[in-house]
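So you know, we letter chains A, B, ... as the sequences are listed, proteins then strands, and number each from 1.
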There are 2 protein chains.
Amino acid sequence: MPRPVDHDERRHLLTEALLRIAGTRGLQAVSMREIAAEAEVSLRVVQYYFTNKQALLESGLNELGVRMDRRVRQRVATAAGKLTPRGVFAAVLGVIVPSDEQSRLDSMAWTAYYTAALTDPALAEVGLTLPNALEDFLTARLTAAQEAGDIAPDCDPRIEVAGLLALANGLTSSVLSRQRTHEAAIEIIEYRLDRLFGPAVS
Amino acid sequence: MPRPVDHDERRHLLTEALLRIAGTRGLQAVSMREIAAEAEVSLRVVQYYFTNKQALLESGLNELGVRMDRRVRQRVATAAGKLTPRGVFAAVLGVIVPSDEQSRLDSMAWTAYYTAALTDPALAEVGLTLPNALEDFLTARLTAAQEAGDIAPDCDPRIEVAGLLALANGLTSSVLSRQRTHEAAIEIIEYRLDRLFGPAVS
DNA sequence: CCAGTTAGGATACAGTTGTATCCATTCAGG
DNA sequence: CCTGAATGGATACAACTGTATCCTAACTGG
């Protein structure tokens, strides 16, 4: 064999090229040949490491999930210790809204996938399990916080959480379209959290 | 000439066919030939009434704007008279979240256009002016409501409005992906409005 | 050292795309 | 009546798509 090569690394390289295209020029600009060009390899190499375009697209979606997960863990690790209920919400919601250039590109790609999933049942379920899991997780946290007296007893944790997540998603849209800056979006989230958890105790 | 024909009507028919495709199968499924098939005319007819695919797409975006506008007016006319500040917000936000099958299709198409606009500067500005206008309008209303004592004086109308619009957009996403029903989304909006305007005076 | 597997270059193929052209039909005005 | 413009059918074309095939070079285990 010619110099043996790490298949996983190769696939990862191609997946990154795919996401770079999807994030800058959209999912409809993603073709086998474009990926090859972006990764500076030949078309054959792309075909060699991925049987299908479908497989390639799924790999891209996977990688996006991994990155999101990594960002959350990172954020939690950074602000270690201060795991106040409010801290958890600020971390999770803050990760959803794109901040730096990289997370903006990822959000763009994510949005492209999400829109595609709306009319392509093959990707539909993937875009559903993650949000639902997140919603359940946060609802449990907020219910606990309410029992501990951290938020007003007349709040409905389920609805508050659903509202906060929808808010973060909506803000992400407006940040991507440059209607709003990242800072403005964060301000709106903090404002909401102030109202929920009482004036900033951070 | 053969039977003379109303060009505007013809264009409108084709535009509707375009939006039907965009709403059900996505914008990437929109081709000249598909539109022709959907409208049950020949490819030449589509070419004849629209110089470009670009022109066709712009026409679709236009029509979506017109429909949104019509829905808002309709909603306001229906609940005529009861123009409480809260009524205005319930009407506008309620129109954003898709309710019946038609508004769901339109929302789907709108989402497709929005996503496309993120990477296609040709459509970028159109998707910006409408949301901004809406935000300014509602902010003015809420500021007035605050001066009239309808909402708490320590609220920030600008941030409240931005938050409510982002919320409605986020909820729309979740309704389109069938993560949430229309009713569940409305419940969340009403909950927020209760907190803003005090317990339901409707 | 050499047989055989692995990694990729080059090219082909059928389908779809937007757009352009050629041509027939139908009617209104002189 | 008949010339010429309006309407659209049929077809062509080049570019692009995903996928398949053929072939060559490189290395490794025996």
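- Atom CD of A:Q54 and atom C1' of D:dT17 are 15 Å apart (whole Å).
- Straight-line distance from the CG atom of B:D6 to the P atom of D:dT7: 10 Å, rounded to whole Å.
- Looking only at atom types and distance, the side chain of B:S103 has a donor-acceptor partner in the side chain of B:D100 under 3.5 Å away.
- Remark: C1' of D:dG9 and CZ of B:R33 are 14 Å apart, rounded to the nearest angstrom.
- Between C:dT19 and B:N52, a contact under 4.0 Å exists linking OP1 or OP2 to a side-chain N or O.
- Nucleotide C:dA20 holds its P atom 16 Å from the CZ atom of B:F50, rounded to whole Å.
- Candidate nucleotides C:dG9, D:dT17, C:dT11 were compared by shortest atom distance to the side chain of A:L43, and C:dT11 ranks first.
- The CD atom of B:E9 sits 15 Å away from the C1' atom of D:dT7 (whole-angstrom rounding).
- Atoms CZ (B:R44) and C1' (C:dC22) sit 10 Å apart, rounded to a whole Å.
- Comparing atom distances between the B:K53 side chain and each of D:dT19, C:dG8, C:dG18 picks out C:dG18 as nearest.
- Protein atom CD of A:Q47 is 7 Å distant from nucleotide atom C1' of D:dA20, rounded to whole Å.
- Residue B:Y48 places its side chain closer to D:dA6 than to any other of D:dT19, D:dA6, C:dG8.
- Between D:dT7 and B:Y49, no contact under 4.0 Å exists linking OP1 or OP2 to a side-chain N or O.
- Atom P of nucleotide C:dC13 and atom CE of A:M32 are separated by 19 Å, given to the nearest angstrom.
- Heavy atoms of B:V30 sit under 4.0 angstrom from primed sugar atoms or phosphate atoms, though from no base atom.
- Residues B:T15 and B:S59 have side chains that bring a donor and an acceptor to within less than 3.5 angstrom of each other.
- Here the nucleotide nearest the side chain of A:H7, chosen from C:dA7, C:dT17, C:dG8, is C:dA7.
- Comparing C:dT17, D:dG18, C:dA10 by their closest approach to the side chain of B:S31 singles out C:dT17.
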